[in-house]
Amino acid sequence: MIITFPNGSTKEFDRGTKLIDIAKSLSNSLAKKVLAASVNGQSKEINAPVNEDAEVKFFTFEDKEGKHALRHTASHIMAQAIKRLYPDAKLAIGPAIDNGFYYDIDIEKRFSEEDFEKIEAEMSKIVKENLPLERFELSRDEALAFVEKDGEIYKQELIENLPDDAIISFYKQGEFTDLCAGPHVPTTGRVKQIKLLSVAGAYWRGDEKNKMLQRLYGTAFEKKTELDDYLFMLEEAKKRDHRKLGRELDLFGMMDEGPGFPFFFPKGMVIKNELLNFWREEHEKHDYEEIQTPIILNKALWERSGHWGYYRENMYTTIIDEQDYAIKPMNCPGGMLAYKRKLHSYRDLPIRTGEIGLVHRHELSGALHGLMRVRCFSQDDAHIYMTRDQIIDEIIGVIELTRHVYDLFGFKFHVELSTRPEKSMGSDEEWEMAIQSLEEALKKSELEYAINPGDGAFYGPKIDFHLEDSIGRTWQCGTIQLDFQMPEKFDLTYIGPDGEKHRPVMIHRVVFGSVERFIAILTEHFAGAFPAWLAPVQVRVLTITDRCNDRAGEIVSQLKKDGIRTEKDFRNEKIGFKIREARDQRIPYLLIIGDKEIEQNLVAVRSRKEGDLGTMPLTDFCDKLKEEIVTKQI
RNA sequence: GCCAAUGUGGCUCAGCGGUAGAGCAGCUGAUUCGUAAUCAGCAGGUCAGGGGUUCAAUUCCCCUCAUUGGCUCCA
C-alpha cells in the first residue's frame, strides 16, 4: 500500500504496518517524539495498523493533536488513580482541553486541593508502571453490559446517546478501562509531567437540573521545564489581572457593599472618559447620532418589548407610585420610544442612533468576575434602523468599525455566529433570513467565524466578537444583533417613496460591548501600561533636590496648560526611589529636573518603554508627546 | 444559584484555644542625596458579620455576607 505524507512524498509499506513503524522508517527521532497520528484526517494512535493507501500525518507535543493525545491519556491516568484510591467513584467525562485536561467524577467524598498530593502520587505510580494503552471495540449491547457491571451509570448514558453508527471503543491501561474515542499515547509512561490544578463543580452534561459532579482540572507536559514554564507563565499572567492592577493603579474596584457594582476612581475615570471620547469621534465619522434614554421605565414598556416575559429573572424592578417599573437591562426599548417620537422618511435611512447606556442585570452571584462580569455596566450601544436591502451593508459597516477599534489596540479576537435560542420570539422564516444576512455579511467581510448554536438573543441571531484576558479566557465584547421583532412589537415605521408606512429592520450593536469589560481587557492587555493617550497620568515631574522645585513647578504648569495630564513628585526622596514608584504606576514619561537641567534650560526625559532618553528642550518633549497622544500610538 | 477554597491594619502576608505580629504604604523628624527602595521614630486592627462550644475563641463548630477557581448564565 502507498502512504502519502504531508509534504507530498509517498512511500510503500506492507498492509497492516503500524503507524509507529511508518514513523520509524521516516526518522528515529520522529518516532521517539510522535504521540499521535492521523490517517486520512482521522485521529489514530501510533500503534494502530494501516491497511490501505492513505494520507498519514504524525503529531508530536508541538501539535495540538499530539498535546491532546498526551493530555487525554493524563486524564485517564487521573481517573485510574482516583479509582484505585476511591473505588466507589463514578466516572463521567474526561477530555483534554486547551491547556490541560479534566475529569468529571461523581463521589461522596468532597475533593479539595489537599487531596491532590495523594492523587498525584498515585498517578506517578501509574506513569512509572508504564502501562500500555490497548484499544478495543464493542457492540452497543456488549459495551452497555461492560460498563453496567462496573456500575458506571454515566458511561451507560453516554453509550445510550451515541449515534447508531458510532464505533464504540474502549481503552484499557492495566486494570483500568474507559469508554473513549481516543486517540491516546501508547503507554502511560509517555506522560512524564502531570500537575493537578483545581477542583470545581460541574453539572452532568452541563445542565443545572442535573447532579453536580466534581471536576478535577490538571495539565500535562512531556518535560519538566515545559511544565515549569507553563506554571511560571500562569503566575506572570496573574500579575496582569485587572482586579489586581485596578487596585494597585487606583483605577477601579469593588466594595463588599455592592457585589457586581463597580466603582471607578479618578484615574479609572480618565481612562473611561478617554475611551468614550474616542468612541464619540469614531461614531461621528460613521454618521451616528447620540441619545440618552432613562434608566427606569414602566412595566408596560418591558412587557411590550418582551423583556418582562423573556428576561424577567435578570431584571431589577422597583415600585413608583404603586406602579411597577424596571431598571433597564438593555437600552433598546427606550431607543424604540425615541425612534417613534416622530415620523421618519425612507430618505433618512439608515438611522444610526448611539447611546452609552447604563444597564443593570441581575447576574448570578457566582458568575461575577471583576469588571468582566458585573451587574451594572455601560453599553456602547447603537440601534440602526434601515430597510431590508440595507441590512448587509450596515452589518459590514459595523464589522469594519469594530475591527478598526480592536486593531487600534492590537487585540486578538475571534468571531462567533449565535443562532436561535430556545426562549425566543418570531417566526422560523425571519430567523432563517436574519441568520443568512449575518452570514453573508461575515463572508463579504472575510471574517472567520464559528457557529454557536442556540446562543442568540431572544429577539434575533447575533455576531459576537470575543477578546482574550490575561490567562486566555475569552470574553464577549462586540456584538451585532439583527432584530425583526422589536420594530414589529413597537410598530416602528418609516414613510416609503410610495407615501405608505413601511416596517424598518433594526440592528442592535456594541463595539466595546461593555465599557467596563473593555477596560478590564485593556488593562490586562497592556499589563497596566496604558498607551499615553489613555494613561491616567501622562507625565510625572521629579525633582532631584528642593532647590529645583520652583523651576519644576513651572514645568508642571506649562505641561498642564498644554493639556497634558501631569503629576509632580517634589518629595524629599532620592531620585531612584521616585523613579521606582513612577515605574510601578506605569507612567509613560518622567521629567527629571536637577541643577543641570535648570542651568541648561532643558528637561531630562525618561520613557517607560525606552528608559533614559537624555535631555531636550521642554517644547520638543511636549510636541513629541502630543503627537504620540493625537495619533494614539500604542 | 450550585461545587470547592479563602476572608487577620490601606496593600502583601505570618500567627494561634490564654484576647495579635512583620514588610510596604501613612504620619513625624533627620538627610538635599542624579535614573529600579536613605535612616530613625510614631500611629494604625472590635482578626468579614452573627450565633454556638469552652473558665477562655482571631484560633474549634454552625449560619450569613463577600472574594477566588469552575459549572450554569451572559456584554
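Every chain is numbered from 1, with letters handed out A, B, ... down the list of sequences.
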Among [options], find the nucleotide with the atom closest to the side chain of [X].
X        : options             : answer
A/Ser514 : B/A25, B/A75, B/G70 : B/A75
A/Tyr217 : B/G1, B/C71, B/U38  : B/C71
A/Asp546 : B/A75, B/G34, B/U32 : B/U32
A/Pro259 : B/A75, B/G26, B/U67 : B/U67
A/Arg547 : B/U32, B/C73, B/A37 : B/U32

Checklist entry - Between A/Glu113 and A/Thr615, which is nearer to the 5' end of RNA chain B once each is assigned its nearest nucleotide? => result A/Glu113
Checklist entry - Toward the 5' end of RNA chain B, which comes first, A/Glu573 or A/His369, by nearest nucleotide? => result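 Of the two residues, A/Glu573 wins.
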Looking at every strand, decide which applies to [X] at a 4.0 Å heavy-atom threshold: base, sugar-phosphate, or nothing.
X        : result
A/Tyr203 : base
A/Arg473 : sugar-phosphate
A/Val199 : base
A/Gly206 : sugar-phosphate
A/Asp256 : sugar-phosphate
A/Glu597 : base
A/Lys578 : nothing
A/Gly594 : base
A/Ala202 : sugar-phosphate

Checklist entry - Ignoring hydrogens and angles, does a donor from either the side chain of A/Arg606 or the base of B/U35 sit under 3.5 Å from an acceptor on the other? => result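 Between B/U35 and A/Arg606, which were checked side chain against base, a qualifying N/O pair under 3.5 Å is present.
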Next on the checklist: Would the base of B/A4 count as contacting A/Arg110 through its side chain, where contact means a donor and an acceptor less than 3.5 Å apart?
Outcome noted: no
Return no unless some side-chain N or O of [X] is found under 4.0 Å from OP1 or OP2 of [N].
X        : N     : value
A/Arg243 : B/U68 : yes
A/Lys462 : B/A75 : yes
A/Arg247 : B/U12 : yes

Nucleotide opposite [N] in a Watson-Crick or G-U pair, distances under 3.5 Å:
N     : answer
B/A40 : B/U28
B/A14 : none
B/G7  : B/C65
B/G45 : none
B/C2  : B/G70

Checklist entry - So how far is it from A/Arg352 CZ to A/Glu394 CD, rounded to the nearest 0.5 Å? => result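 Those atoms lie 4.0 Å apart.
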Next on the checklist: Any carboxylate oxygen within less than 4.0 angstrom of a Lys/Arg side-chain nitrogen, looking at A/Glu597 and A/Arg551?
Outcome noted: no
